[in-house]
Amino acid sequence: MPEAAQIFARVECVLSGRFRFLKGPDEALFRGVAHSGGLARVKLEQARLPEALTQFLLEMDNKLDAILAQLQGENLQSLFPEQIRVTLIGGNGVEFSVPGPATAGRLAEGVWLEAALQLSDFPLRVVFAAGALRALPGGAWAMGFDRIQEKDREEIIRFVLDEERRQIREKKR
């Protein structure tokens, strides 16, 4: 099925993100930083090390992730200078608002943005996507994911499913 015809689940949320203006749809996208995504635990368990050593190495891995997250966050602020507040996310795109009138005044229908969306603080999970803007009622904006790496789309879909599960659990309480 072509990507344009695919429909993905969406979920209401409150996420922070950043963006930068693009000159057009052909401008190069930021690639982000690769992370192990839990691979360290699997490899350590396969190594059959003593439990105490495995726990120590996993704690060190967590601390290094925290340091790298701090450094990457500072780098993102310089590369993506404008802030957004995401209120709805799905595999096809996001809806968001911007905090200040100065930024909002520069946004317009059809303008291309690249967004860095922060799905979690720790471990830092950031996905990148680009698309053209569409105005929504009430001063909100929508951006479809016209350009996104497949691994980033998969990470968003995973986030949506996890968030839906969390919201269902909260409603049952």
Side-chain angles (χ1 to χ4, degrees), residues 1-35 37 65 68-168 170-171:
M1 176 184 279
E3 264 187 47
Q6 289 181 337
I7 298 174
F8 296 96
R10 303 179 313 173
V11 67
E12 290 184 5
C13 61
V14 177
L15 296 174
S16 30
R18 304 192 73 79
F19 75 88
R20 65 182 177 144
F21 291 97
L22 296 178
K23 295 176 182 140
D26 297 327
E27 191 170 339
L29 295 179
F30 185 74
R31 294 232 179 240
V33 177
H35 60 85
D65 281 347
L68 291 173
Q70 179 68 29
L71 293 172
Q72 186 179 15
E74 292 169 4
N75 189 33
L76 284 177
Q77 288 179 8
S78 65
L79 294 171
F80 296 86
E82 309 292 342
Q83 292 183 336
I84 59 173
R85 182 176 176 265
V86 176
T87 55
L88 186 73
I89 189 168
N92 288 352
V94 292
E95 290 182 10
F96 65 92
S97 59
V98 292
T103 301
R106 296 183 3 217
L107 299 178
E109 195 79 38
V111 168
W112 273 77
L113 300 180
E114 180 177 18
L117 307 171
Q118 188 171 335
L119 301 179
S120 69
D121 296 324
F122 184 77
L124 184 65
R125 289 182 2 196
V126 180
V127 294
F128 302 90
L133 283 181
R134 184 172 45 90
L136 298 173
W141 295 91
M143 182 185 83
F145 295 150
D146 298 315
R147 294 187 56 209
I148 183 170
Q149 292 182 14
E150 195 57 37
K151 69 175 182 60
D152 286 341
R153 188 183 312 272
E154 289 171 6
E155 191 73 21
I156 290 169
I157 292 168
R158 191 174 7 265
F159 171 82
V160 168
L161 294 174
D162 290 345
E163 189 65 16
E164 284 178 334
R165 266 189 233 107
R166 186 191 65 76
Q167 290 176 5
I168 289 170
E170 284 181 5
K171 286 180 184 176

- Query: If you count the non-hydrogen atoms of other residues, nucleotides and ligands that lie under 6.0 Å from CD in E164, is the total more than 12?
  - Reply: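 Yes - once you tally the heavy atoms of other residues, nucleotides and ligands closer than 6.0 Å, there are more than 12.
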So do the side chains of [X] and [Y] get within less than 4.5 Å of each other, counting heavy atoms only?
| X | Y | value |
| --- | --- | --- |
| F80 | E114 | yes |
| I168 | K171 | no |
| I84 | L113 | no |
| L15 | V94 | no |
| F19 | L133 | no |
| F8 | V160 | no |

With rounding to the nearest 0.5 Å, note down the distance linking [atom1] in [X] to [atom2] in [Y].
| X | Y | atom1 | atom2 | answer |
| --- | --- | --- | --- | --- |
| R10 | I157 | CZ | CD1 | 14.0 Å |
| E95 | L88 | CD | CG | 4.5 Å |
| E82 | R106 | CD | CZ | 4.0 Å |

- Item | Partners meeting salt bridge (charged side-chain N to carboxylate O under 4.0 Å, His left out) with E170 (sequence neighbours left out) |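 Residues passing salt bridge (charged side-chain N to carboxylate O under 4.0 Å, His left out) with E170: R166.
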Just by distance, do the side chain of [X] and the backbone of [Y] share a donor-acceptor pair under 3.5 Å?
| X | Y | answer |
| --- | --- | --- |
| R147 | P25 | yes |
| R85 | S97 | no |
| D152 | F128 | yes |

How far apart are the closest heavy atoms of [X] and [Y], and which atoms are they?
| X | Y | value |
| --- | --- | --- |
| R18 | Q83 | NH1-CG, 3.2 Å |
| G110 | A132 | O-CB, 4.0 Å |
| P81 | R20 | CD-CB, 4.1 Å |

- Task: Quick one: do M143 and R134 satisfy side chain to side chain contact (heavy atoms under 4.5 Å, CB included)? Show the steps, please.
- Result: CA-CA 6 Å; M143 182 185 83; R134 184 172 45 90; over 6 Å; no
- Message: The test is side chain to side chain contact (heavy atoms under 4.5 Å, CB included); show your working for I156 and F145 and say whether it passes.
- Response: CA-CA 11 Å; I156 290 169; F145 295 150; 3.5 Å; yes
- Do K151 and E154 sit within salt-bridge range, that is, some charged N less than 4.0 Å from a carboxylate O?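 A salt bridge is absent here (no side-chain N lies under 4.0 Å from a carboxylate O).
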